[in-house]
2 protein chains.
Amino acid sequence: MDTMGRHVIAELWHCNTDKLNDISLIEQIFVNAALKAGAEVREVAFHKFAPHGVSGVVIISESHLTIHSFPEHSYASIDVYTCGERIDPNIAAEFIADALEAKNIEKVEIPRGKGHIRI
Amino acid sequence: MDTMGRHVIAELWHCNTDKLNDISLIEQIFVNAALKAGAEVREVAFHKFAPHGVSGVVIISESHLTIHSFPEHSYASIDVYTCGERIDPNIAAEFIADALEAKNIEKVEIPRGKGHIRI
């Protein structure tokens, strides 16, 4: 496989607080986001923190999706990294932002696997 | 927990090809990298691809470490993301680069959870 990849880093602010604390829902959203983008899901690992917050990852054939949620700040930090040119990571990132009802999104896309890291 | 985090993105080139294809070794390197940086390991998920390549994640209390290896290109793409100010993600990234014998490292650090994404 070619090393070339696209890595979308997104900060989701003013999300739905209840959703940010629901590990089952977040896992379902992330698997669906991967499938929606056309990715192949390989591994799923999520963790619930006390008293609140969820961290998790979906490993896909094309790389990964991750989340760290901070319900107390209505904030989630997400990454969608896809190798190759077939899949657009923005499709998954936007699906997740919509599902978590983010009102304010900061997003950058970083090319990976091409030598110098250019933003 | 405060939303502030540090996300190190690193491209490791000219690594040891055999190590890049050894899922057990990579998992051990990543857990040790997390511990070396002072992080608390919560979940571990790695996947071996055919005919070659390993993807994986270590979820830590402070966020995550990920890898995607491309032995055929002697290349590994890694991320080390740590929330809070207690842990320096560069310690883990450098530990991994050393362990995989990377001869050429491209690295950037991205502040997370602070509003605008500044590189």
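Scanning both residues, A/Ser77 and B/Tyr81, for their nearest heavy atoms gives OG-OH, 2.8 Å.
In this structure, the side chains of B/Ile110 and A/Ile110 come closer than 4.5 Å at one or more pairs of heavy atoms.
Comparing B/Ile60, B/Thr3, B/Ile59, B/Asp2 by heavy-atom pairs within less than 4.5 Å of chain A, the highest count is held by B/Thr3.
Applying a 4.5 Å heavy-atom cutoff, the residues of residues 33-56 of chain B that approach chain A are B/Arg42, B/Glu43, B/Ala45, B/Phe46, B/His47, B/Phe49, B/Ser55, B/Gly56. Within residues 61-76 of chain B, the residues approaching chain A closer than 4.5 Å by heavy atoms are, in numerical order, B/Ser61, B/Ser63, B/His64, B/Thr66, B/His68, B/Phe70, B/Glu72, B/His73, B/Tyr75.
Linking ILVMFWY side-chain heavy atoms closer than 4.5 Å, directly or via other members, places B/Val58 and B/Phe95 in a single hydrophobic cluster. At a threshold of 4.5 Å between side-chain heavy atoms, the hydrophobic network of Ile, Leu, Val, Met, Phe, Trp and Tyr places A/Val31 and A/Ile78 in one connected group. Both A/Leu12 and A/Phe30 belong to a single network of hydrophobic side chains, linked directly or stepwise wherever heavy atoms of I, L, V, M, F, W or Y lie under 4.5 Å apart. Clustering ILVMFWY residues whenever any of their side-chain heavy atoms sit less than 4.5 angstrom apart, transitively, puts A/Ile105 in a cluster other than the one holding A/Ile9. Side-chain heavy atoms closer than 4.5 Å link hydrophobic residues (I, L, V, M, F, W, Y) into clusters, and following such links, even through other members, never connects B/Val8 to B/Ile91.
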